[in-house]
Amino acid sequence: MNTCQVKSVKNNDTVEFVFSGSIDESLANYINIFPEIPTMTINLDQVISINSTGIREWIKLMNKVSGSEIKIIKCPKVFIDQVNMVKGFLPQNAQIESFYVPYFSETKNSELKILFEKGKNFTKSFINCKESVTDEAGAVYDIDVISSKYFKFIKG
């Protein structure tokens with residue numbers, strides 16, 4: 001079963017919350033572990049899906065931590081899709097610092113997920129996105145999203 005799990009990792013003055021599995025109704029079990037602190041990081045690298053109840057629980061969590069500056073890192077496509085579709089999913093106090101862009105190779109029938117980082121690959125007014133990339137073996141992977149829709153969240 002891939003229900004939501006959240007672990008907190010304290011590094012000096014910051015706390016990173018690492019999410020894994022599916023963001024679903026089980027997120028409600030973790031909302032109380034989020035303290036009222038000035039800044040926090042949410043790492044979504046291991047999130048595999050989000051269901052409709054998970055969307056509601058995420059929004060409840062974001063309301064609970066509305067006094068914190070939130071940096072969200074390593075966002076998977078399933079998360080970015082919700083940011084682009086659900087009003088209020090990404091509140092004003094939260095910023096996406098990095099996210100994955102999927103690329104697909106028909107020749108290899110496989111996917112590459114390329115991490116885009118704020119300041120390096122994108123800013124509020126700029127995105128550096130290649131239509132295709134190559135892997136270590138030289139295989140070509142084409143972008144597997146509609147750029148105008150997928151990157152919509154960057155410009156707000």
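The ring of Phe116 has its center no closer than 6.0 angstrom to the ring center of Tyr100. Two rings, from Phe122 and Phe151, have their centers 6.0 Å or more apart.
Taking each heavy atom of Gln92 and Gln95 in turn, the nearest pair found is O-NE2, 3.7 Å. The shortest non-hydrogen separation linking Asn63 to Ser66 is O-OG, 3.2 Å. The shortest non-hydrogen separation linking Lys124 to Ile154 is CD-O, 3.3 Å. Closest approach of Thr53 and Glu25 over heavy atoms only: CG2-CB, 3.5 Å.
By the 4.5 Å heavy-atom criterion applied to side chains, Lys77 and Asp81 are counted as neighbours. The shortest side-chain heavy-atom distance between Ile33 and Phe17 falls under the 4.5 Å cut-off. Side-chain contact between Ile59 and Val86: present, with at least one pair of heavy atoms (C-beta onward) separated by less than 4.5 Å. Looking at Gln5 and Tyr30, their side chains come closer than 4.5 Å, going by heavy atoms from C-beta outward. Looking only at side-chain heavy atoms (C-beta outward), Val133 and Tyr103 come within less than 4.5 Å of each other. With a 4.5 Å cut-off on side-chain heavy atoms, Ile42 and Lys71 do not count as touching. Ile96 has its side chain within reach of Leu90: a pair of non-hydrogen atoms, C-beta onward, lies under 4.5 Å apart. Contact check for Glu131 versus Asp142: no side-chain heavy atoms found under the 4.5 Å cut-off.
Counted by atom type alone, Asn43 and Glu16 present one or more donor-acceptor pairs between their side chains at under 3.5 Å. Defined by atom type and a distance below 3.5 Å, a donor-acceptor pair is missing between the side-chain atoms of Asp24 and Ser22.
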_side chain to side chain contact (heavy atoms under 4.5 Å, CB included) for Val6 and Leu27? Distances and angles first, verdict last._
CA-CA 8 Å; Val6 181; Leu27 177 56; 4.2 Å; yes
*Worked verdict on Asn121 versus Ile127 for side chain to side chain contact (heavy atoms under 4.5 Å, CB included)*: CA-CA 6 Å; Asn121 305 98; Ile127 180 128; over 6 Å; no
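Between Lys108 and Asp135 there is a salt bridge, with a side-chain nitrogen of the basic residue lying less than 4.0 Å from a carboxylate oxygen of the acidic one.
Ring-plane geometry between Phe34 and Phe19 is classed as tilted, the angle between the planes lying from 30 to 60 degrees on a 0 to 90 degree scale. Ring orientation note: the planes of Trp58 and Phe79 are nearly perpendicular, at an angle over 60° on the 30°/60° scale.
The distance from the CD atom of Glu69 to the CD1 atom of Ile37 is 11.0 Å, given to the nearest 0.5 Å. Rounding to the nearest 0.5 Å gives a distance of 8.0 Å between CG of Asn29 and OG1 of Thr3. Considering CD1 of Ile72 and CE of Met40, their distance stands at 10.5 Å, rounded to 0.5 Å. A distance of 9.0 Å separates CD of Glu97 from CD1 of Ile73, quoted to the nearest 0.5 Å. Taking OG1 of Thr41 as the reference point, atom NZ of Lys74 lies at 11.0 Å (rounded to 0.5 Å). Note that SG of Cys75 is 10.0 Å distant from CG of Asp45, once rounded to the nearest 0.5 Å.
One hydrophobic cluster holds both Val47 and Val83 under the rule that ILVMFWY side chains link at heavy-atom gaps under 4.5 Å. Leu44 and Val18 are members of different hydrophobic clusters when ILVMFWY side chains are connected at heavy-atom separations under 4.5 Å. Hydrophobic clustering, with ILVMFWY side chains joined whenever heavy atoms are under 4.5 angstrom apart, groups Met85 together with Ile55. Grouping the Ile, Leu, Val, Met, Phe, Trp and Tyr side chains by contacts below 4.5 angstrom, directly or via other members, places Val78 with Leu112. Placement of Phe89 and Leu61 within a single hydrophobic cluster is found when ILVMFWY residues are connected by side-chain heavy-atom separations under 4.5 Å, directly or transitively.
For Lys7, the NZ atom counts as loosely surrounded, since its 6.0 Å shell holds 12 or fewer non-hydrogen atoms of other residues, nucleotides or ligands.
Distance alone, capped at 3.5 Å, places no donor-acceptor pair between the Lys10 side chain and the Val15 backbone. Formation of a donor-acceptor pair under 3.5 Å by the Asn93 side chain with backbone atoms of Met62 is not found in this model.
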